[in-house]
Engineer: 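Below you'll find the structure I mean.
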Amino acid sequence: MMVCIEKIYSVSALIGSGACNANCDFCAGKYLRPDAVQSLQNERNLESAIKLSARYGGWSLSLTGSGEPTVEPEVVTRALEIYDKCAQEGAYFPNVNLFTNGIRFGDREFVDEYVPRWRELGLTNIALSIHDVDRQKQAKAYNVKDYPAYEDIRDNVRKHGVGVRGTLLLRRGGVENGKTYANSVNKLIDIGFNNITSWSVGNPDGSRNEFTPSSLGLIGIKWWLFRNAKLCHGHSWGGGVYDYKGNILRITDYVTKHNPKKDFVRQLVVFQDESVDYSWIREGAKCMK
Ligand code: SF4
């Protein structure tokens with residue numbers, strides 16, 4: 001039976017040259033770096049993907065990179081200018097997120113210079129990747145000497161009317177089971193993070209690797225959510241959104257394989273080799289070329 005696409009929930013776009021100010025042992029971006037160039041065609045693809053998703057009921061744009069986008073802030077500005085043009089023409093998303101390791105958001109001068117402009121262009125949140133709520137362990141995961149205090153990042157960014165969300169990464173040896181998840185979530189909420197998304201780290205094709213928590217650990221996290229939080233809604237692609245004491249906890253998979261028999265697309269991915277695919281797993285998921 002033929003199935004038509006009814007919904008395209010979101011757009012994820014890779015931006016920047018792949019440069020990064022951290023050096024993680026399990027960098028998920030490395031394999032995409034050979035393609036990391038800015039081209040006019042990539043910019044046109046971003047515009048088309050935003051307009052297509054908005055027409056199919058999409059509500060969220062995520063800017064990310066094979067490196068750290070804030071290392072090249074003018075690239076973030078350019079991507080947001082493209083989004084702003086789309087929004088002026090009616091392709092508006094209520095959620096526009098910049099995925100980041102957060103290091104530069106500890107620098108108040110940097111934030112004061114760029115974030116007001118990004119907000120004007122439509123940025124609603126930064127999504128901070130958190131390997132550990134402990135600052136020293138966070139620095140170690142990123143292989144940097146020092147990591148800013150979460151409170152400083154929070155204050156620097158919120159001051160300009162942009163939200164700070166947490167992406168709490170589930171990782172073997174870190175947040176890996178119900179107990180470590182509960183501890184981390186409670187600490188982050190105490191700091192003021194009221195919207196926290198989690199997924200397991202793994203290979204780009206969605207398969208497990210040495211850093212992926214055990215299946216038992218992941219079941220423990222889902223069991224803790226079932227016992228302690230209220231499900232608000234499930235995601236068609238798996239996982240869901242929970243209300244935990246008035247805070248939003250979201251659990252999902254890092255990547256979803258596109259299923260042509262389903263009538264929805266989780267996200268259009270704007271790659272930097274001048275193509276747009278229906279998922280991060282690219283085989284059988286071509287959309288624009
Ligand atoms: S911060 Fe991101 S891009 Fe940079 S090394 Fe770590 S995983 Fe890779």
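As the structure lists them, so they are numbered: ligands from 1, and atoms in each ligand from 1. Throughout, residue positions are numbered sequentially from 1 according to the sequence presented.
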Engineer: With atoms numbered from 1 as shown, which atoms in ligand 1 lie under 4.0 angstrom from a non-hydrogen atom of Ser66?
Structural biologist: 3 (S)

Engineer: Looking at Arg33, which atoms of ligand 1 are within less than 4.0 Å of one of its heavy atoms?
Structural biologist: 3 (S), 8 (Fe)

Engineer: So, Glu47 and Arg44, do they make that salt bridge, N to O below 4.0 Å?
Structural biologist: no

Engineer: If you measure from the Lys or Arg side-chain nitrogens to the Asp or Glu carboxylate oxygens, is any gap between Arg78 and Glu81 under 4.0 Å?
Structural biologist: yes

Engineer: Is a side-chain donor-acceptor pair under 3.5 Å present for Ser10 with Trp59?
Structural biologist: no

Engineer: Regarding Asn177 and Thr180, is there a side-chain donor-to-acceptor distance under 3.5 Å anywhere?
Structural biologist: yes

Engineer: If we only consider heavy atoms of His131, is any one of them less than 4.0 Å away from an atom in ligand 1?
Structural biologist: no

Engineer: Within a radius of less than 6.0 Å around CZ of Arg119, do more than 12 heavy atoms belonging to other residues, nucleotides or ligands occur?
Structural biologist: no

Engineer: Quickly, which of Phe193, Trp224, Tyr181, Phe226 forms a ring-ring contact (aromatic ring centres under 6.0 Å, His included) with Tyr244? Name it, please.
Structural biologist: Trp224

Engineer: So how many protein N, O or S atoms does atom 4 (Fe) of ligand 1 have within less than 2.8 Å?
Structural biologist: 1

Engineer: Distance below 4.0 Å between atom 2 (Fe) of ligand 1 and any protein heavy atom?
Structural biologist: no

Engineer: Under a 4.0 Å N-O cut-off, is there an ion pair linking Arg282 with Asp273?
Structural biologist: yes

Engineer: Using a strict cut-off of less than 4.0 Å between a Lys/Arg side-chain nitrogen and an Asp/Glu carboxylate oxygen, indicate whether Lys159 and Asp112 qualify as a salt bridge.
Structural biologist: yes

